[in-house]
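Data first, discussion second: the structure below is written as structure tokens.
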Amino acid sequence: MLKFDDHPSGRHFLQIPGPTNVPDRVLRALDHPTIDHRGPEFARLTLEILDGLKRVFQTSSPIVIYPASGTGAWEAALVNTLSPGDKVLMFETGHFATLWRKMADRLGLSVDFVPGDWRSGVDPAIVEAKLGADKAHAIKAVLVVHNETSTGVTTAIPPIRQAIDRAAHPALLMVDTISSLASIDYRHAEWGVDVTVAGSQKGLMLPPGLSFNAVSDKALAASKSARLPRSYFAWDEIIAMNRQGYFPYTPATNLLYGLHEAIDMLLGEGLPNVFARHDRHAEATRRAVRGWGLEILCRNPAEYSSSLTAIIVPDGHDADAFRREALARYDLSLGTGLGRLAGKVFRVGHLGFFNDLMLCGTLCGVEMALAASRVPHKSGGVAAALAFLAGATSTRSGAQALAASTA
Ligand SMILES: Cc1ncc(COP(=O)(O)O)c(C=O)c1O
């Protein structure tokens, strides 16, 4: 039989970009006895969660919770709002954008997939040009991955919204925040997003198994006439029953306990502090990468991800062989290269339940594993990260800290 704790002594370092480390507080909350999901205590739990989630998504719109991985919430976003043959605009920012596109194809949508180099985010000028040329308003939705988990590239959402508005186009804006929500500043309402897709296993610090749609009034209106088949994922019944704190099916009660606790932790820390912490750890990681003389996959510093960093391994070396060494020697799990990046990059997750010393341990593990697997690199990466962390206190934002340390 497989033993789940079959690791060497000490904590395993789970530094893939999700699932992330689950805090002990959340683990303890999961451990409570399952209750009647049609009883009064459960209704209170749901209502408190839905209230708290609105603060995390920064919206007053309904949020739908699914007992599904993030892929389920991708599907829910599409089937609730679109009809067979509808045209959608998508962007090849990386592996996850490509998978979402594949799903749209399989659902019978007609996808205009703008090619990309897997090192950059979405160009708002292309959004504006495509929508501006679509005089008949055939494009029904623009779909963007906020933080491409395969590449460590973040697309700024407000310029995408502005591009849609400048083209005076009625397309819905749908955004995948699976690896950004509760790690990188994200504002469903202020940024005019119609459907936000999120998952439990990253910034929300839960195990995998829950996913979310935040739904604007415009998206709700679209769902009234949308004709893609849907049943389990249909928003209407879930939103109606949620008003009393219930679900039309048996919910994932214990994951909801964990979600309640995680929301309390995030709001207790304060979202601006959560985002600043992620900015700071991301900057420290990038300093380590530069110290090692390695290359960050993300081309444009304005698009650097604060939740993960993808690092290119020099030609002739296999990123997965390096990752195997990190796991075998140091019990450190790093993210693999996905799709066309397989073997070429490894990814360091610095999101979720994380602090300075966890980052230091992670970066030490990377540095030691680079040496052990004979990947050419310079020494001094960890030292560069430590110098940054020492100079940039955790109460300041990453941007402020960066400004101070480079002044
Ligand atoms: C950005 C992004 N979108 C979608 C997904 C798919 O989510 P899941 O694997 O939970 O179905 C992931 C998973 O890592 C992701 O990072």
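This is a predicted model, so every value here is computed, not measured. Order of appearance sets the numbers: ligands from 1, and atoms from 1 within every ligand.
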Can a donor-acceptor pair be found between the side chains of Asn355 and His281 at a distance below 3.5 Å? no
State, with a plain yes or no, whether a side-chain heavy atom of Val348 is found less than 4.5 Å away from one of Arg286. no
With Trp74, which residues qualify under ring-ring contact (aromatic ring centres under 6.0 Å, His included), at least two apart? Trp100
What residues, two or more places apart in sequence or in another chain, satisfy side-chain contact (heavy atoms from CB on, under 4.5 Å) together with Gln201? Pro19, Pro208
Sorted by chain and residue number, the residues with a non-hydrogen atom under 4.0 Å of ligand 1 are Ser69, Gly70, Thr71, Trp74, Phe96, Val145, Asn147, Thr149, Asp176, Ile178, Gln201, Lys202
Is there a donor in the side chain of Ser183 and an acceptor in the side chain of Ser307, or the other way round, less than 3.5 Å apart? no
Contact list for residues 297-336, test ring pair (Phe, Tyr, Trp, His ring centres under 6.0 Å), sequence neighbours left out: Phe322-Phe346
